[in-house]
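In what follows, chains carry the letters A, B, and so on, assigned in the order in which the sequence lines appear, proteins first and then strands, with residues in each chain numbered from 1.
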2 protein chains.
Amino acid sequence: MSTLDPGRVLSVQSHVVSGYVGNRAATFPLQTLGYDVDVVNTVQFSNHTGYGYTNGHKTTPEQLTAIFEGLSTNGLVSHYRVLTGYVPGAEALTVVAEQIKKMKEVNPEILYVLDPVMGDMGTGLYVSEDVVPIYKDMLSIASIITPNQFEVELLSGISIDSMATLHTALRQLHTAHSLPHIAFSSIPLPISLVTKLDLPAPPPSYMCLLPDPIPPWYDAVGVGEPEDEVLVCFASTWEEEKLETWAFALPTIRGYFSGVGDLFSAMVLAHFKNPESQSDLPPLPHAVSKALLTVQQILLRTHLYSLIQTGTSGTATPRPLHHSSSEQHGSVIPSDAELDAIGPVNPKDPKRKAKRMRLRELRVVQERKLIVDGGQGWPGKRLDWQGILGHGM
Amino acid sequence: MSTLDPGRVLSVQSHVVSGYVGNRAATFPLQTLGYDVDVVNTVQFSNHTGYGYTNGHKTTPEQLTAIFEGLSTNGLVSHYRVLTGYVPGAEALTVVAEQIKKMKEVNPEILYVLDPVMGDMGTGLYVSEDVVPIYKDMLSIASIITPNQFEVELLSGISIDSMATLHTALRQLHTAHSLPHIAFSSIPLPISLVTKLDLPAPPPSYMCLLPDPIPPWYDAVGVGEPEDEVLVCFASTWEEEKLETWAFALPTIRGYFSGVGDLFSAMVLAHFKNPESQSDLPPLPHAVSKALLTVQQILLRTHLYSLIQTGTSGTATPRPLHHSSSEQHGSVIPSDAELDAIGPVNPKDPKRKAKRMRLRELRVVQERKLIVDGGQGWPGKRLDWQGILGHGM
């Protein structure tokens, strides 16, 4: 018997005392949108690992089991929406997977957003290898997954180097695991290809820092970065034996930001089939469109703040929308040259990196109004797979 | 050298996965008011202990030490506002006390709100006895403490049974520990005494559930409750060798609610010397006035919600403002008679108590607008100690 509460979310992710990754990037934005979020913390660290140094502890598999037992005994497991992010280690992940399987057995209509946090193109796998088969197994209970390129390739076993291989990878993930939805967070595509796909640009009002009119691809071609690529996000749904895929071209913001993928996944969860968040788009592209808008606006404001704080603003028109040296949601450590370029730093300051990281913590609290009143969504376009594959893109 | 960030809060309290006590009652409201809250969780439990059953784990003293070390190493300890609540055990509390002492040595101007969570008049001491001397020692580093009656008596060693003994207890706490501010959350006082003190009633607009006009003492005289008492909150400041005390008369809400004291302490921290939250009152009575308004409004909405969900609303004019059988912020377990009075319950339902507790979880998320736009504050009155003591009240 279903006794699900549509307003309740169960979020299982990491906790950092300071900064905004994992549950810290997901919980407050979800609460700001009115969700009653139950929060299981899989670790408690002082700060995220991007600082170069962190201290804290993991929640053991036994402790996770005990927490779920306490919830269950009190009849507190009635969440319609479930979100999982980083879970350290195969044993802990197994506990989480078993818990969600049990919940789905009782209530198959549960909406489960799985972020299969395993690595990225820049650094490769950053979890232990025995986690990979568990995530593959979990695909069959997920409603939506939010992988990056590295994770799509790892889960599908297909290397993506064309629209055809993208099509094969998405189709493989959907059909092999009865997986209804994939929100593929971002992949760099050749600018020539993006031009052929004719993806729309967002209105200038969404991008307060952008020059108006927006140059082709939002000035995505950045200084010292590959000049032939644009980041694209895909919202893919498997329906009636057909792949329905929407694409969204993204401006990217130079530098290292953490928690972006976590915020994205939380906002996809928040806006998917949310009665208070609707548009003419189908459920997944709608949710992705809203999630991208929130993430991009928070990122822009965070970037502007860090520029102001490091004293580089005011000297020139801000040009924040440069192409990252890797994927947008990834973990690229900026070079010293990049550091020097963004402001005066003291090489004798041992906390230089920590200070920089601190300035780049997502400003979800300060920019909380954007989460609620962010606008209609990021413009995207439904892909004509037949035409694309026919043209051999 | 001070490098404090006025917008940053460090909050050290308990974490429950589901529900709103400890950090779960403090963090979201503080974030909603714009504070960048760093959150150290001293426990991770499935739910609060009022459910009768809970499962989870404590953060060990070693783990707390490691977390503070991580923050410190990364230069992340720059909080102007610090809040501590429940910390389990003497050893863990010592770690927290040492950390805050270190912070105050570097930056004496830190605003530290200490909620000395030890017990209440209903249940007595609910922490181990060796915690008491540590809290006494911590009074000297606190800017504001937010004790209940049990904790005021325990910390001062003075039993409060008159305005004279209240005066002595407050004076003793202030002078023996160089403690500038005490927000004494609530104490039941004889209605005859409250009449003599002539405390103001809040405007009806604050109390959406109240009959208009408000009967004397807000209909505080409840069914089956002592008919001769009213709850009063005191905001006490020691200034120029003088005790300045403001009093606030409170309507109380029948039944068991958890996290009320935690929300109160967080809101006192939020509104004390907050440039965006000002009135003609001195800093402490202003903060207490705003905190009481937020707490009372959230409590009323939560109470109304639980009445509606248990099916007792609509049958009569809501009369929520009854006198609790003990202090407002306490932990009185309602009797079965009370349970039967609030709605139809199934005695065969083993989760009856858990369901009732769940319905009484503070609705901080759903009523988040009240936290920001709650109104001017709760009306109080500055006490004329000379007159009061002269009249032997």
Checklist entry - What distance separates Glu367(B) CD from Leu370(B) CG, expressed to the nearest 0.5 Å? => result 5.5 Å

Checklist entry - What's the shortest heavy-atom distance between Tyr53(B) and Gly70(A), and which atoms? => result CE2-CA, 4.0 Å

Checklist entry - Looking only at atom types and distance, does a side-chain atom of Asn41(B) sit under 3.5 Å from a main-chain N or O of Val43(B), one as donor and one as acceptor? => result no

Item to check | Toward chain A, the part of Gln31(B) with a non-hydrogen atom under 4.5 Å | outcome: both

For residues 97-106 of chain A, run the donor-acceptor check on the side chains, cut-off 3.5 Å, and write out each pair with its distance to 0.1 Å, sequence neighbours left out.
unit_1: Lys101(A); atom_1: NZ; unit_2: Asp137(A); atom_2: OD2; d: 2.8
unit_1: Lys104(A); atom_1: NZ; unit_2: Ile110(A); atom_2: O; d: 3.3
unit_1: Lys104(A); atom_1: NZ; unit_2: Ile141(A); atom_2: O; d: 3.2

Item to check | Contacting moiety of Gln44(A), where chain B heavy atoms sit under 4.5 Å | outcome: both

Checklist entry - Does the Asn274(A) side chain pair with the main chain of Glu276(A), one donor and one acceptor, at a distance under 3.5 Å? => result yes

Next on the checklist: On a heavy-atom basis, which atom in Val21(A) and which in Ser258(A) lie closest, and how many Å separate them?
Outcome noted: CG1-CB, 3.6 Å

Checklist entry - Measuring heavy-atom distances to chain A, does Thr60(B) have an atom under 4.5 Å in its side chain, in its backbone, in both, or in neither? => result neither

Checklist entry - What part of Leu30(A) is in contact with chain B, defined as an atom under 4.5 angstrom from a non-hydrogen atom: side chain, backbone, both or neither? => result neither

Checklist entry - Does a side-chain heavy-atom distance below 4.5 Å link Leu33(A) with Met267(A)? => result yes

Item to check | Side chain, backbone, both or neither of Arg363(A) within contact of chain B (heavy atoms, under 4.5 Å) | outcome: neither

Item to check | For chain A, which residues of residues 74-89 of chain B have heavy atoms nearer than 4.5 angstrom | outcome: Asn74(B), Gly75(B), Leu76(B)

Checklist entry - Relative to each other, are the rings of Phe257(B) and His303(B) parallel, tilted or perpendicular (30° and 60° limits)? => result perpendicular

Checklist outcome for this item: Across all chains, not counting sequence neighbours, the side chain to side chain donor-acceptor pair (under 3.5 Å) partners of Thr73(B) are Glu69(B)

Next on the checklist: Under a 4.5 Å cutoff for heavy-atom pairs, which residue among Gly56(A), Gly34(A), Ser72(A), Gly52(A) has the most contacts with chain B?
Outcome noted: Gly34(A)

Item to check | Closest heavy-atom pair and its distance - Pro61(B), Val95(B) | outcome: O-CG2, 3.8 Å

Next on the checklist: Taking every non-hydrogen pair under 4.5 Å, which of Thr27(B), Val37(B), Leu10(B), Thr54(B) racks up the most with chain A?
Outcome noted: Val37(B)

Item to check | Side-chain donor or acceptor of Thr294(A) paired with backbone N/O of Lys290(A) under 3.5 Å | outcome: yes

Checklist entry - Less than 6.0 Å separating the ring centroids of Phe45(A) and His48(A)? => result no

Next on the checklist: Show the nearest heavy-atom pair for residues Gly259(B) and Ala25(B), with the distance to one decimal.
Outcome noted: O-CB, 3.9 Å

Item to check | Heavy-atom contacts under 4.5 Å, residues 11-20 of chain B to chain A | outcome: His15(B), Val17(B), Ser18(B), Gly19(B), Tyr20(B)

Item to check | Contact summary for Leu263(A) and Pro29(A), nearest pair of heavy atoms | outcome: CD1-CG, 3.7 Å

Next on the checklist: Using a 4.5 angstrom heavy-atom cutoff, name the option from Val365(A), Thr65(A), Asp38(A) with the most pairs to chain B.
Outcome noted: Asp38(A)

Next on the checklist: Only pairs of heavy atoms separated by less than 4.5 Å count here; which of Glu361(B), Arg8(B), Glu62(B) has the most with chain A?
Outcome noted: Arg8(B)

